[in-house]
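Here the structure is laid out as structure tokens; the discussion comes afterwards.
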Amino acid sequence: MPKLTIGYSALAERVVNIRLPLGNYEFLILVQNPNNRECQSEKFKEKALIVKVSGMGVTKSRNRAIALAKTEYLIFGDDDIEFHPEALNEAIALMDANPHLTLLLLAANDEKGRIRKQYPNKRQRLTKLNAARAATYEMVIRVPEVRRLGVEFDEEFGAGAENYLGDEYIFIADLIDKNAMCEFAPIFVASHPEKSSGSIWGTNRDRRVRAKVFSRVFGIWAPIIRLFFGLRRKRQFGGVRSVLKFIFGK
């Protein structure tokens with residue numbers, strides 16, 4: 001019996017782009033169709049459970065995946081993700097060997113095989129201070145434990161929502177607040193195009209959304225965290241004036 005479900009989130013017109021990896025996995029395809037587009041899902045009917053998700057926002061689909069998954073583990077995917085079966089199986093084995101783990105954060109390459117960002121070179125425990133760059137397709141969760149803890153993706157954040165980034169970080173932070181064990185392991189589990197919502201920097205909207213993410217995670221301590229984060233990312237923010245606005249959430 002499969003131990004891992006891959007839960008893909010996609011707009012109806014993009015379902016056809018999904019590439020299912022070979023292996024003993026279960027597949028969920030969560031489809032949103034706000035524009036009433038044609039959904040070419042026929043080729044997946046024998047391999048995946050296809051579920052229509054109402055509304056807009058990728059986190060709605062992520063939460064449905066958590067609710068519907070029948071396996072011990074779940075990893076999240078999009079229509080532009082290519083998963084690597086050997087790495088998936090390595091992640092499953094690591095989770096099996098460490099039953100205390102609720103979430104395992106992994107690594108990814110871009111479409112040309114280059115490392116997408118700087119990753120640690122060994123396993124480490126995740127905290128609110130080192131998990132901000134997480135991507136959803138890098139996250140394997142232990143489904144029964146996440147359900148027991150009552151943690152879901154915050155649907156006010158993520159692609160398709162007004163606050164279009166930070167949903168992964170908030171999810172991990174909420175697990176940490178519940179004393180769940182979350183770790184990183186340098187297993188390159190997937191390939192994803194270089195550009196993503198998390199790579200957007202320098203716009204007023206980006207600054208405001210990132211400020212909201214830190215407010216959501218750190219509450220009254222958010223301005224202090226934004227101060228240190230903003231100083232480290234001054235160039236990406238576009239200068240001191242923009243950093244000051246970020247610190248004060250403006």
Side-chain angles (χ1 to χ4, degrees), residues 1-10 17-30 44 47-49 58 61-62 65-66 68-127 130-149 151 153 167-169 171-173 175-176 180-194 196 198:
M1 182 176 176
K3 288 189 173 183
L4 176 73
T5 296
I6 303 178
Y8 291 93
S9 302
N17 298 328
I18 293 174
R19 292 168 288 178
L20 303 181
L22 297 176
N24 187 27
Y25 316 117
E26 291 198 353
F27 301 104
L28 289 170
I29 298 178
L30 296 308
F44 301 116
K47 300 178 180 179
L49 175 62
V58 69
S61 294
R62 309 291 193 212
I66 294 172
L68 293 171
K70 297 179 180 179
T71 57
E72 181 77 5
Y73 310 123
L74 168 66
I75 192 169
F76 305 96
D78 298 313
D79 60 87
D80 56 356
I81 297 295
E82 181 179 356
F83 286 108
H84 309 317
E86 289 185 4
L88 287 173
N89 295 338
E90 185 178 354
I92 291 169
L94 183 55
M95 294 286 280
D96 282 347
N98 295 273
H100 63 286
L101 284 179
T102 300
L103 179 144
L104 184 63
L105 184 66
L106 305 169
N109 301 104
D110 68 15
E111 69 274 26
K112 296 181 179 179
R114 298 171 299 196
I115 296 175
R116 294 197 78 250
K117 55 196 172 191
Q118 192 67 39
Y119 295 102
N121 57 17
K122 60 182 179 180
R123 282 176 61 185
Q124 66 176 227
R125 185 167 181 171
L126 294 177
T127 71
N130 67 8
R133 300 179 69 196
T136 323
Y137 51 84
E138 298 170 345
M139 295 163 46
V140 179
I141 65 170
R142 193 180 300 272
V143 177
E145 182 65 5
V146 170
R147 289 176 181 161
R148 186 189 72 81
L149 294 171
V151 174
F153 284 87
D167 50 306
E168 304 96 340
Y169 179 35
F171 182 80
I172 294 173
L175 285 175
I176 291 171
M181 180 63 72
C182 305
E183 288 190 3
F184 168 82
I187 300 172
F188 284 80
V189 73
S191 297
H192 183 272
E194 181 180 5
S196 65

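In what follows, residues are counted from 1 in the order of the sequence shown. No experiment lies behind these values; they were computed from the predicted model shown.
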For [X], what residues pass the salt bridge (charged side-chain N to carboxylate O under 4.0 Å, His left out) criterion, not counting sequence neighbours?
X      : result
Glu90  : none
Lys117 : Glu138
Arg148 : Glu145
Glu26  : none

Side-chain donor or acceptor of Thr71 paired with backbone N/O of Pro2 under 3.5 Å: no
Heavy-atom closest pair, residues Leu126 and Ile176: O-CD1, 3.7 Å
Do [X] and [Y] have side chains that approach each other closer than 4.5 Å (heavy atoms only, starting at C-beta)?
X      : Y      : value
Met139 : Phe171 : yes
Leu88  : Ile6   : yes
Tyr25  : Ile75  : no

Rounded distance [0.5 Å steps], SG in Cys182 versus CD1 in Ile172: 6.5 Å
Heavy-atom neighbours of Glu86 CD exceed 12 at 6.0 Å: no
Can you list the residues that meet the side chain to side chain donor-acceptor pair (under 3.5 Å) rule with [X], with sequence neighbours excluded?
X      : value
Lys3   : Asp96
Asn24  : none
Asn109 : none
Thr136 : Glu168

Any residue meeting side chain to side chain contact (heavy atoms under 4.5 Å, CB included) with Ala185, in chain and number order, not counting sequence neighbours: Leu94, Leu104, Leu106, Arg123, Ile187
Side chain to side chain contact (heavy atoms under 4.5 Å, CB included) partners of Arg147, counting only residues at least two apart: Ile66, Ala69, Val143
Ring pair (Phe, Tyr, Trp, His ring centres under 6.0 Å) contacts in which one or both residues fall within residues 71-118, not counting sequence neighbours: Phe76-Phe153
ring-ring contact (aromatic ring centres under 6.0 Å, His included) against Tyr169, all qualifying residues, sequence neighbours excluded: none
